[in-house]
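Written out below as structure tokens is the structure these notes cover.
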Amino acid sequence: MSRHILSKKDYKNFMQRLQHFNIDGTSMADIEVDSNKKNEIYYFSGKPIFYNGMPTLYLINYLKIRTHTVTVDNGAVPHLMNGSNLFAPGILEMDPEIKKDDMVFIKNRDGLYIAIGEANDDAQNIMSTRKGEAVRILHHLNDKIMKDL
């Protein structure tokens with residue numbers, strides 16, 4: 001792997017990739033990238049912020065994302081930390097702008113982002129029915145990504 005600071009052009013492209021996830025990363029400078037045949041990892045201040053095409057929890061907690069957020073109750077937290085998908089009864093609040101297949105950022109009651117997932121339905125439907133699996137988890141605090149980085 002060869003780790004280096006992004007050029008201005010690559011930085012601009014990376015910011016566009018973040019915008020795809022509704023993330024404004026313009027407050028970050030001197031972003032580094034480290035890549036090989038298997039992995040592409042972006043770093044800011046020594047912390048991995050983007051791993052193989054997906055934002056990491058380091059990035060989400062650093063920037064305190066304000067859109068596409070889901071707040072869960074304390075009962076859901078241990079299940080999410082073990083990689084379980086999020087079920088609607090465990091949701092306290094959900095950004096009403098979330099649509100099916102959107103990437104969502106899940107936080108506990110204290111505001112710490114603990115998981116990233118993909119919405120199984122629109123927020124309006126999830127919150128009105130309050131039943132079933134609401135979010136498929138893609139990344140959580142205790143997963144391989146966090147342990148390997």
Side-chain angles (χ1 to χ4, degrees), residues 1 3-8 10-36 38-124 126-127 133-149:
M1 289 189 156
R3 193 162 161 174
H4 61 277
I5 293 178
L6 294 178
S7 67
K8 287 182 181 183
D10 290 339
Y11 177 83
K12 183 178 177 181
N13 290 336
F14 180 68
M15 289 299 123
Q16 289 174 344
R17 287 176 78 182
L18 290 181
Q19 293 235 334
H20 173 74
F21 297 106
N22 297 311
I23 298 171
D24 178 10
T26 55
S27 64
M28 299 182 298
D30 296 330
I31 295 174
E32 297 176 292
V33 63
D34 195 356
S35 60
N36 64 23
K38 290 184 176 183
N39 298 309
E40 180 181 58
I41 307 167
Y42 289 81
Y43 294 88
F44 173 67
S45 294
K47 299 286 186 188
I49 58 170
F50 210 75
Y51 180 85
N52 291 340
M54 188 173 76
T56 69
L57 289 166
Y58 289 118
L59 174 66
I60 304 309
N61 278 300
Y62 174 76
L63 293 177
K64 296 296 183 194
I65 303 303
R66 295 189 184 353
T67 63
H68 288 82
T69 62
V70 177
T71 305
V72 297
D73 64 27
N74 290 338
V77 172
H79 300 287
L80 293 171
M81 299 297 278
N82 286 324
S84 295
N85 291 330
L86 176 60
F87 286 78
I91 298 173
L92 295 174
E93 294 179 283
M94 189 171 197
D95 181 345
E97 299 298 315
I98 293 172
K99 301 293 181 207
K100 182 178 180 178
D101 298 327
D102 279 352
M103 181 170 280
V104 298
F105 309 107
I106 302 165
K107 60 183 175 176
N108 64 16
R109 294 179 89 169
D110 297 327
L112 176 68
Y113 289 89
I114 59 172
I116 297 172
E118 184 177 79
N120 290 345
D121 202 349
D122 295 351
Q124 183 179 10
I126 291 169
M127 295 308 283
E133 189 176 290
V135 177
R136 181 174 63 92
I137 300 304
L138 303 172
H139 170 44
H140 60 91
L141 279 179
N142 289 333
D143 67 6
K144 183 180 181 337
I145 295 170
M146 296 301 282
K147 289 179 181 175
D148 286 353
L149 299 177

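For this chain, numbers begin at 1 and follow the sequence in order.
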Holding to ring pair (Phe, Tyr, Trp, His ring centres under 6.0 Å), I want the full list of residues that pass it with Phe44, two or more places apart in sequence or in another chain.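 Phe44 satisfies ring pair (Phe, Tyr, Trp, His ring centres under 6.0 Å) with Tyr62 once adjacent residues are dropped.
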What's the separation between atom [atom1] in [X] and atom [atom2] in [Y], rounded to the nearest 0.5 Å?
X: Asp102; Y: Asn120; atom1: CG; atom2: CG; answer: 11.5 Å
X: Leu92; Y: Lys107; atom1: CG; atom2: NZ; answer: 10.5 Å
X: Met127; Y: Ile98; atom1: CE; atom2: CD1; answer: 9.5 Å
X: Asn22; Y: Arg66; atom1: CG; atom2: CZ; answer: 14.0 Å
X: Asn61; Y: Leu141; atom1: CG; atom2: CG; answer: 7.0 Å
X: Asp143; Y: Met81; atom1: CG; atom2: CE; answer: 9.5 Å

Tell me, do [X] and [Y] make a side-chain contact under 4.5 Å, heavy atoms counted?
X: Met15; Y: Ile31; answer: yes
X: Arg3; Y: Val33; answer: no
X: Met103; Y: Met54; answer: yes
X: Ile137; Y: Ile106; answer: yes
X: Leu59; Y: Leu18; answer: yes

Under 3.5 Å, side chain of Asn142 to main-chain N/O of Asn82, donor-acceptor pair present?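 The answer is no, because no donor-acceptor pair under 3.5 Å joins these two groups.
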Side-chain donor/acceptor of Asp121 to backbone N/O of Lys100, under 3.5 Å: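 Pair absent, no side-chain N/O of Asp121 close to backbone of Lys100.
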Please list all pairs meeting ring pair (Phe, Tyr, Trp, His ring centres under 6.0 Å) that have one or both residues in residues 63-90, counting only residues at least two apart or in different chains.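 Applying ring pair (Phe, Tyr, Trp, His ring centres under 6.0 Å) to every pair that reaches into residues 63-90, excluding sequence neighbours, yields nothing.
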Other residues, nucleotides, ligands: >12 heavy atoms within 6.0 Å of [X] [atom1]:
X: Lys47; atom1: NZ; result: no
X: Glu133; atom1: CD; result: yes
X: His4; atom1: NE2; result: yes

Going by the rule side chain to side chain donor-acceptor pair (under 3.5 Å), which residues pair with Asn52 if we only count those two or more places apart in sequence or in a different chain?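 Counting only residues at least two positions away or on another chain, Asn52 forms a side chain to side chain donor-acceptor pair (under 3.5 Å) with Asn39.
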Using a 3.5 Å cut-off and no angle test, enumerate the donor-acceptor pairs between side-chain atoms of residues 69-78 and protein atoms at least two apart in sequence or in another chain.
from, atom 1, to, atom 2, distance (Å)
Asp73, OD1, Gly75, N, 3.1
Asp73, OD1, Ala76, N, 3.0

Using every non-hydrogen atom in the two residues, find where [X] and [Y] come nearest and quote the distance to one decimal.
X: Glu97; Y: Asp95; value: N-OD1, 2.9 Å
X: Ser27; Y: Leu63; value: OG-CD2, 3.6 Å
X: Pro55; Y: Phe105; value: CG-CE2, 4.4 Å

By the salt bridge (charged side-chain N to carboxylate O under 4.0 Å, His left out) test, which pairs, at least two apart or in different chains, include something from residues 10-30?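 Listed once each, the pairs are Arg17-Glu40.
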What verdict does the side-chain contact (heavy atoms from CB on, under 4.5 Å) test give for Ile60 and Ile23, after you've listed the backbone C-alpha separation in whole Å, the side-chain angles of each residue and the deciding distance to 0.1 Å? CA-CA 8 Å; Ile60 304 309; Ile23 298 171; 3.8 Å; yes
With a cut-off of 3.5 Å and sequence neighbours excluded, list every side-chain donor-acceptor pair involving residues 110-119.
from, atom 1, to, atom 2, distance (Å)
Tyr113, OH, Ile65, O, 2.5
Glu118, OE1, Arg136, NH2, 3.1

